[in-house]
**Student:** 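One structure coming up, written as structure tokens, with questions to follow.
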Amino acid sequence: MARILSIDYGKKRTGLAVTDTLQLIAGGLATVATSSLFDYLQDYISREPVERIVIGEPKQPNGAPSENLARVMQFVNRWKKVHSDIPIELYDERFTSVLAHQAMIDGGLHKKARQNKALVDEISATIILQSYLESIKRK
């Protein structure tokens with residue numbers, strides 16, 4: 001079975017997570033510079049089978065689109081043009097950064113480690129993916 005990959009898309013950095021081949025558990029993959037994200041993903045899918053991509057849909061707490069949504073949609077549209085064989089879908093990412101910080105605290109990471117924004121992005125992508133997996137099971 002192919003993996004599901006998730007993206008926590010940021011202006012400068014992007015966190016990535018991926019499922020195991022049975023699509024049961026989400027795990028952090030990497031944090032990459034957003035400018036090199038497309039190339040990184042093309043390289044990854046050439047080595048690993050990916051069934052679909054889930055990308056965080058940035059929203060404000062009240063549900064209104066956030067300023068990053070335009071950048072996310074540019075990436076989504078570019079992806080769809082080049083890789084129509086691998087679907088990409090939006091998934092609500094509200095509060096994932098807060099949850100990521102809480103997970104880091106709960107995991108016992110020291111304050112300095114919690115300030116590592118790349119780690120926060122990767123954990124956020126993992127939370128997006130795990131939440132997505134749980135939503136599929138509920139359906």
Side-chain angles (χ1 to χ4, degrees):
M1 190 180 283
R3 299 175 188 272
I4 300 174
L5 188 139
S6 74
I7 300 172
D8 180 35
Y9 193 94
K11 188 175 182 180
K12 295 179 182 180
R13 286 175 322 281
T14 296
L16 302 171
V18 68
T19 64
D20 59 320
T21 55
L22 296 175
Q23 299 180 1
L24 299 174
I25 299 171
L29 177 63
T31 299
V32 298
T34 300
S35 60
S36 62
L37 174 63
F38 203 86
D39 292 337
Y40 180 93
L41 291 177
Q42 290 195 121
D43 179 58
Y44 184 82
I45 65 172
S46 73
R47 295 180 281 111
E48 291 286 337
V50 173
E51 177 181 303
R52 75 180 48 252
I53 294 176
V54 177
I55 188 167
E57 181 179 14
K59 293 181 179 181
Q60 296 175 16
N62 66 3
S66 79
E67 66 167 277
N68 199 36
L69 183 60
R71 286 186 285 272
V72 168
M73 292 312 299
Q74 283 180 332
F75 178 84
V76 168
N77 292 332
R78 181 178 177 202
W79 184 265
K80 286 179 177 179
K81 285 179 186 173
V82 177
H83 294 287
S84 59
D85 57 320
I86 302 174
I88 185 168
E89 60 185 275
L90 297 169
Y91 189 80
D92 189 346
E93 71 170 22
R94 279 181 285 183
F95 310 113
T96 54
S97 292
V98 173
L99 293 171
H101 277 103
Q102 189 59 50
M104 293 169 85
I105 290 168
D106 294 347
L109 290 177
H110 297 287
K111 186 175 182 179
K112 183 135 178 118
R114 294 192 310 260
Q115 293 172 341
N116 179 346
K117 292 181 181 182
L119 182 58
V120 173
D121 293 338
E122 187 175 324
I123 292 172
S124 293
T126 306
I127 291 169
I128 290 167
L129 185 52
Q130 192 64 47
S131 178
Y132 175 82
L133 292 172
E134 289 168 9
S135 75
I136 290 173
K137 289 177 189 173
R138 286 190 298 260
K139 289 182 181 176

**Student:** Hydrophobic clustering (ILVMFWY, side-chain heavy atoms < 4.5 Å, transitive) - are I25 and L22 grouped together?
**Tutor:** yes
**Student:** What's the spacing between E122 CD and L16 CG if we round to 0.5 Å?
**Tutor:**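 Nearest 0.5 Å value for the CD-CG distance: 8.0 Å.
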**Student:** Using a 4.5 Å cut-off on heavy atoms from C-beta on, say whether the side chain of T14 contacts that of Y40.
**Tutor:**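 Answer no - side chains too far apart.
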**Student:** Among all residues two or more places apart in sequence or in another chain, which pass the side chain to side chain contact (heavy atoms under 4.5 Å, CB included) test with Q42?
**Tutor:**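 Scan of Q42 (side chain to side chain contact (heavy atoms under 4.5 Å, CB included), adjacent residues dropped) gives F38, D39, V82, H83.
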**Student:** First locate atom CD1 of I86, then atom CD1 of I45, and finally report the distance between them rounded to the nearest 0.5 Å.
**Tutor:**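 Output value for this atom pair is 3.5 Å.
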**Student:** Is there a donor-acceptor pair closer than 3.5 Å between any side-chain N or O of E57 and the backbone N or O of L90?
**Tutor:**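 A pair under 3.5 Å: no.
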**Student:** Tell me the closest heavy-atom pair linking I7 and L5, and the distance in Å.
**Tutor:**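 Looking at all heavy atoms of both residues, the shortest contact is CG1-CD2, 3.8 Å.
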**Student:** Are a donor atom and an acceptor atom from the side chains of S131 and Y91 found within less than 3.5 Å of each other?
**Tutor:**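 Looking only at side-chain atoms, Y91 and S131 do form a donor-acceptor pair, the distance falling under 3.5 Å.
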**Student:** Would a single hydrophobic cluster contain both L69 and Y132, if residues Ile, Leu, Val, Met, Phe, Trp and Tyr are joined by side-chain heavy-atom contacts under 4.5 Å?
**Tutor:** no
**Student:** With under 30° as parallel and over 60° as perpendicular, where do the rings of F75 and Y9 fit, or are they tilted in between?
**Tutor:** tilted
**Student:** Counting heavy atoms not belonging to R78, are there more than 12 under 6.0 Å from its CZ?
**Tutor:** no
**Student:** What are the two closest non-hydrogen atoms of Q130 and A26, and how far apart are they?
**Tutor:**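 Shortest heavy-atom contact: OE1-N, 3.1 Å.
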**Student:** Donor-acceptor pair, S6 side chain versus A125 backbone, under 3.5 Å?
**Tutor:**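 Flag set: sc S6 to bb A125 pair under 3.5 Å.
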**Student:** As an exercise, state the distance from NZ of K12 to OG1 of T34, rounded to the nearest 0.5 Å.
**Tutor:** 10.5 Å
**Student:** Going only through I, L, V, M, F, W and Y residues with side-chain contacts under 4.5 Å, is there a path from L29 to I127?
**Tutor:** no
**Student:** To the nearest 0.5 Å, what is the distance between CZ (R52) and CD (E89)?
**Tutor:**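 One finds 4.5 Å between CZ of R52 and CD of E89.
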**Student:** Within this structure, what is the CD1-CD1 distance for the pair I123 and I128, rounded to the nearest 0.5 Å?
**Tutor:** 12.5 Å
**Student:** Say whether, by atom type as modelled, one donor and one acceptor occur between the side chain of R3 and the main chain of T19 under 3.5 angstrom.
**Tutor:** yes
**Student:** How many angstroms lie between atom CD1 of I4 and atom CG of L129, to the nearest 0.5 angstrom?
**Tutor:**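 Output value for this atom pair is 6.5 Å.
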**Student:** In this structure, would V18 and L133 fall into the same cluster of hydrophobic residues linked by side-chain contacts under 4.5 Å?
**Tutor:** no
**Student:** Tell me, please, which residues at least two apart from S66 pass side chain to side chain contact (heavy atoms under 4.5 Å, CB included).
**Tutor:** P58, Q60, N68
**Student:** Out of curiosity, does V54 fall in the hydrophobic cluster containing L41 (side-chain heavy atoms, cut-off under 4.5 Å, transitive links)?
**Tutor:**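 No; tracing contacts between hydrophobic side chains, which count when under 4.5 Å, never links both residues.
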**Student:** Please find the pair of heavy atoms, one from T31 and one from R13, that lie closest to each other, and give the distance.
**Tutor:**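 For T31 and R13, the tightest heavy-atom pair comes out as CG2-CB, 4.0 Å.
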